[in-house]
Amino acid sequence: MSKRLIYAVLLAALAAGCGQKNVPAGGKVQDYMPDNAVIAHRGTIYWAPELTEAAFRWARNTGADYLELDVHRSKDSVLIIMHDKTFKRTTDVAVKFPGREGDPVSSFTLEEIMQLDAGSAFNKKNPDQALQSFVGQNVLVFEDVFRIAEGKRIKRNADGSRAVSKDEAGIYHFEYEADPADNGHRPGIYIEAKIPDEYPGLEEQIYDELARIGWNPLEGDEISLNEPFWLNDKVNVGKTRGKILVQTFSRQGMMNFKRVFGEKVLASFLAGNPKTNEFAKEEVTDEIISFAKECGAQFIGTNLGDENDGLSPAFAAKIHAAGLKANIYSINTVEQMEKYYGPATGKKAAPLADGMITNRTDLTIDFYHERKVRRYGTEKTPQTTLAELGYKQ
């Protein structure tokens, strides 16, 4: 689809509004995600540099049900995995491109982005988790995370640089290889679109890229509803109809996702401002739930909190009464898990959150295992898993 046609479709859709629902027969879309899902927030921000190959390989091998990522777009229209609007916090952009550290991701070409070190800053900030192997970790492109979920790793040249080529049309082609440390888990991917208003046509590009790399559940052969979430004690979510979820804080972005995916894939509306949680006040929760239903979200994503709680018992009850589900972010401790799960175990449990977006996949898997809603726990320590993946001092 040409850019001009994409923008024309976008404008037409904005004029038309949300439109009618189109839920596929054979089950509710929200049931495409397993209950008590473990969603690896940026892979991990605790054990490895966030949103890097190291973080996602670790989360996959640890047993996360989903790998969560954030999408921006480069100056030359490549989908880039980065949380912040700039590279300043997580890379050495100030060294490689002095004076540009405050410039947005969209102002850099892919060739410039591939020069950045996305691992050294983590080592400096987290000396207890620092590993020499993290130095030189790449900023990832969209396809990378999906290939990691398939059991692959980035293919590299003899000097350690990634293997990539560019054809005559200016299209990049990335190379991958079987990961010798892959242990068979096949997670799904949890996609957050960042500032979609600044990236016209982003949702169409995500749809098309998913189709190109074989991860769009709306393209190709239909996936059976009977495909299990776990198979032989290994995560199998990446092979089910719930293999992807799309989400954003942007209301316009949610409308865009509805138009592009037709409510046939998992979608989550990220509510409000996590710094204040004003959105969780009684007078506005009804409107949030109404919007989520209107524009195709089966989930509401909300943040944990103390005094200003983003998922109070009352809000969770309203979400569930509306036939929706809630995922909480971002988990760091067992105490937080206990707060949003409650004291009961197994079928007697009535958790506030249906899934946890966690920085500590290891802790969350073991928590659910101890609460008798997950068949297996972690088999190895995080450090052992990293060492087996080749990340050492």
Side-chain angles (χ1 to χ4, degrees), residues 17-39 41 64-69 71 187-193 196 203 206-207 210 215-218 222-229 237-272 279-280 285-303 310-311 315-329 340 350-358 373:
C18 288
Q20 298 297 313
K21 292 189 174 183
N22 184 18
V23 177
K28 294 182 178 179
V29 176
Q30 49 262 55
D31 295 333
Y32 292 178
M33 181 182 290
D35 290 334
N36 306 305
V38 177
I39 303 147
H41 186 232
D65 298 313
Y66 288 88
L67 309 180
E68 190 265 353
L69 57 82
V71 185
I189 306 293
Y190 214 89
I191 305 164
E192 181 177 343
E203 296 80 13
I206 289 172
Y207 182 101
L210 287 170
W215 269 79
N216 192 325
L218 305 186
E222 186 174 25
I223 303 170
S224 171
L225 282 171
N226 295 322
E227 189 69 31
F229 295 128
V237 174
K239 296 183 178 181
T240 71
R241 285 203 197 179
K243 66 197 303 181
I244 67 163
L245 177 143
V246 294
Q247 68 175 6
T248 179
F249 281 100
S250 166
R251 294 197 173 211
Q252 187 60 67
M254 286 304 306
M255 292 167 60
N256 294 346
F257 273 135
K258 177 179 178 177
R259 168 175 48 76
V260 171
F261 287 97
E263 291 190 79
K264 296 180 182 180
V265 302
L266 293 165
S268 176
F269 174 49
L270 293 170
F279 69 92
T285 53
D286 287 341
E287 191 280 330
I288 289 172
I289 291 169
S290 176
F291 174 78
K293 294 181 71 173
E294 178 187 3
C295 282
Q298 305 88 22
F299 287 79
I300 291 177
T302 184
N303 60 292
L311 188 64
F315 192 16
K318 283 185 177 182
I319 291 171
H320 293 138
L324 304 178
K325 294 185 177 182
N327 289 331
I328 190 82
Y329 69 91
Y340 293 100
L352 303 183
D354 298 279
M356 295 188 187
I357 303 173
T358 177
V373 293

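Atoms considered below: every heavy atom in the structure, side chains included; atoms not considered: hydrogens, waters and symmetry mates.
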Exercise. With Phe257, which residues qualify under ring pair (Phe, Tyr, Trp, His ring centres under 6.0 Å), at least two apart?
Worked result: none
Exercise. Above 12 or not: heavy atoms from other molecules or residues under 6.0 Å from NZ of Lys239?
Worked result: no
Exercise. In terms of side-chain geometry, is the basic nitrogen of Lys264 or Glu222 positioned less than 4.0 Å from the acidic oxygen of its partner?
Worked result: no
Exercise. Hey, mind stepping through Leu69 and Ile191 against side chain to side chain contact (heavy atoms under 4.5 Å, CB included) and telling me if it holds?
Worked result: CA-CA 5 Å; Leu69 57 82; Ile191 305 164; 4.0 Å; yes
Exercise. Do side-chain atoms of Ser268 reach the backbone of Gln247 as a donor and acceptor pair under 3.5 angstrom?
Worked result: no
For this session: Nearest 0.5 Å please: distance from the CG atom of Asn256 over to the CD atom of Glu203.
Result: 4.0 Å
Exercise. Looking at side-chain heavy atoms only, is the closest gap between Glu68 and Glu192 below 4.5 Å?
Worked result: yes
Problem set entry | Test side chain to side chain contact (heavy atoms under 4.5 Å, CB included) applied to Ala322 - qualifying residues, sequence neighbours left out | Ile289, Lys293, Leu324
Seminar exercise, completed: Scanning both residues in full, the closest heavy-atom pair of Ile206 with Phe261 reads CG2-CZ, 4.4 Å
Exercise. Would you call Arg241 and Asp31 a salt bridge, taking side-chain N to carboxylate O under 4.0 Å as the test?
Worked result: no
Problem set entry | Shortest non-hydrogen contact between Ala267 and Met254, atoms and distance | CB-CE, 4.3 Å
Problem set entry | Inter-residue atom distance Tyr207.OH - Arg259.CZ, 0.5 Å rounding | 12.5 Å
For this session: Begin with the C-alpha distance, continue with both residues' side-chain angles, and end with the deciding distance and a verdict on side chain to side chain contact (heavy atoms under 4.5 Å, CB included) for Thr302 and Ile328.
Result: CA-CA 5 Å; Thr302 184; Ile328 190 82; 4.2 Å; yes
Problem set entry | Spacing of CG belonging to Leu311 relative to OG1 belonging to Thr285, to within rounding of 0.5 Å | 11.0 Å
For this session: May I have the step-by-step check of side chain to side chain contact (heavy atoms under 4.5 Å, CB included) for Asp65 and Met33, ending in yes or no?
Result: CA-CA 9 Å; Asp65 298 313; Met33 181 182 290; over 6 Å; no
Exercise. Taking all non-hydrogen atoms of both residues, which atom of Leu245 and which atom of Phe299 are closest, and how far apart?
Worked result: CD1-CD1, 4.3 Å
Exercise. Looking only at heavy atoms, what is the nearest atom pair of Pro196 and Gly253, with distance?
Worked result: CG-CA, 4.0 Å
Problem set entry | Whether Asp354 side chain and Ala326 backbone form a donor-acceptor pair below 3.5 Å | yes
For this session: For Thr240 and Pro228, work out which heavy atoms get closest and say how close.
Result: CG2-O, 3.5 Å
Seminar exercise, completed: Here the gap from Ile244 atom CD1 to Leu210 atom CG, rounded to the nearest 0.5 Å, amounts to 5.0 Å
For this session: For residues Leu266 and Gln30, report the shortest heavy-atom separation together with the two atoms involved.
Result: CD2-CA, 4.0 Å
Exercise. Can you tell me how far the CZ atom of Phe291 sits from the CG atom of Asp286, to the nearest 0.5 Å?
Worked result: 15.5 Å
For this session: Can you sort out the partners of Phe229 under ring pair (Phe, Tyr, Trp, His ring centres under 6.0 Å), two or more places apart, ordered by chain and number?
Result: none
Exercise. CD1 of Ile223 to CG of Leu218: how many Å apart, nearest 0.5 Å?
Worked result: 9.0 Å
For this session: Could you label the plane-to-plane angle of the Tyr329 and Phe249 rings as parallel, tilted or perpendicular, counting under 30° as parallel and over 60° as perpendicular?
Result: perpendicular
